[in-house]
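Numbers for residues simply follow the sequence, beginning at 1. First listed ligand is number 1; within each ligand, the first listed atom is number 1.
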Amino acid sequence: MGNLELVKKDKIYLLNWEAAKAAVEKCTHIDEAKKIRDQAEALKAYIKQAREGLEIQNKVAEIKIRAERRIGKLSKELPTHEHRLAQAGHDDPPVTTKTNVLKALGIKRRVANRYETIADIPDNMFEETIGTIKNRHEELTTSCLYKAAKEFHHQAEIEIQKEKLRKISDSDCIPVLKHCDFRKFMKTLPENSIDLVLTDPPYGKEYIPLLSDLAREARRLLKPSSFLIFYYGNLFLPQALNSISQYLEYYYSGFLYHKGPTRPDYSVNMWTRGKPILFFFKPPLKKQDTWIENVFVSEAPNKILHEWGQSEPTFIKLIEAFTAPGDTVLDPMMGGGTTISACIKSKRKSIGFEIDKDHFNEVMNLYGRAL
Ligand SMILES: C[S@@+](CC[C@H](N)C(=O)[O-])C[C@H]1O[C@@H](n2cnc3c(N)ncnc32)[C@H](O)[C@@H]1O
């Protein structure tokens, strides 16, 4: 069965699903897979309109999704750049590029990327996901598979991170982590026990009160002459500085310059390209030994574990300038744990708190030991 010709029969129940699946797997060119996909889509629309049951809808959807996965697999194999192998006397014909093939078939790049992502799911996981959705009597859609594929990529990234950290980490700097509200738990740590508090709190107006609690506890926990360094948004900066100044002394300000695209801040009609980094200390003042520039360029931030994940190299620079190997760094609002991984990489001990259970679990699973 080269395509879904049986679709044309009056009784769609006569479809030979196994043959359709096999036909998808046999496609060696994207246009063949695309043809099956389009037919399955048309059939799905027809079945929906005819108010057929979910079971039959899902069977057709399955063929469509399998064809999309096949398109993804074939598209991944296409060369992205045209290259000619110059040979004595003649040029080889140009290689057909992915862009050309997709364009000719009317497949948008964004759509092809989705298919390619779905194509990356290992076979057993792909079959399992389809089976689970069908067994739960839910509608089988490309979005479901795309979500599963993204989750697969996410987990794979985490495993890569884990492996890297496993190599670097020695038992002395296994981070100590706690799922909690820092306002309750910072109180339980011993006075003068921390060499640096490095954090990136949420920046909204409603979070300003957190900063007084942070500064008060940081003053108690920090060793004399140690620093609190934190990132902050531009909008409520005066309030943030006031809150922190109640308990700690202002030292300096820095700026984190974001390399990527600018972001609009509609409240002030500004295109934003960065944010302040604030440095406070617990008296008496003792300058850090290492000279450091106060403008930091944010590399691609680490969004694997947190939508607000920060760029790790900047955290490493700050940690290395303001602490010594073996020192202890606290991040009371660690989010996706950038401070924590930066500490492991720079051989510092770290303590991290996080109020959000899911973020905490991810960081814990990746690096931690529970407090
Ligand atoms: C901007 S994010 C931190 C992102 C982090 N720097 C990273 O790179 O992934 C701020 C985090 O503070 C956490 N948070 C807010 N209030 C908290 C509290 N009272 N105690 C502990 N964590 C809190 C939020 O759940 C959020 O994950």
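Looking at Asp200 next to ligand 1, an N or O pair under 3.5 Å apart turns up. Distances between N or O atoms of Thr338 and those of ligand 1 include at least one value under 3.5 Å. Considering backbone and side-chain N/O atoms, Phe353 never comes within less than 3.5 Å of an N/O atom of ligand 1. Here's the thing with Ile355: one of its N/O atoms is less than 3.5 angstrom from an N/O atom of ligand 1. Annotation: Gly336 places an N or O atom under 3.5 Å from an N or O atom of ligand 1; distance criterion only. The shortest N/O to N/O separation between Gln310 and ligand 1 falls below 3.5 Å.
For the pair Glu138 and Asn58, the tightest heavy-atom approach, listed with the atom from each and the gap, is O-ND2, 2.8 Å.
Within ligand 1, the atoms closer than 4.0 Å to a non-hydrogen atom of Cys180 are 20 (N), 21 (C), numbered from 1 in the order shown. In summary, the atoms of ligand 1 found under 4.0 Å from a heavy atom of Asp181, numbered by their order in the structure, are 18 (C), 19 (N), 20 (N). Near Pro332, meaning under 4.0 Å from any of its heavy atoms, are these atoms of ligand 1: 21 (C), 22 (N). Near Leu210, meaning under 4.0 Å from one of its heavy atoms, ligand 1 places the atoms 16 (N), 19 (N).
Taking a cutoff of 4.0 Å between a charged side-chain nitrogen and a carboxylate oxygen, Arg66 and Glu62 qualify as a salt bridge.
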Q. Passes side chain to side chain donor-acceptor pair (under 3.5 Å), Thr338 versus Gln310? Steps please.
A. CA-CA 6 Å; Thr338 310; Gln310 296 294 346; over 6 Å; no
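Within the 4.5 Å cutoff, side-chain heavy atoms of Leu235 are placed close to those of Ser267.
For Asp327 (side chain) and Lys349 (main-chain N/O), no donor-acceptor pair under 3.5 Å exists by modelled atom type.
Side-chain contact of Glu320 with Thr290: a donor-acceptor pair under 3.5 Å is absent, judged by distance alone.
Outside the 6.0 Å centre-distance limit, the rings of Phe279 and Tyr252 are not counted as a close aromatic pair.
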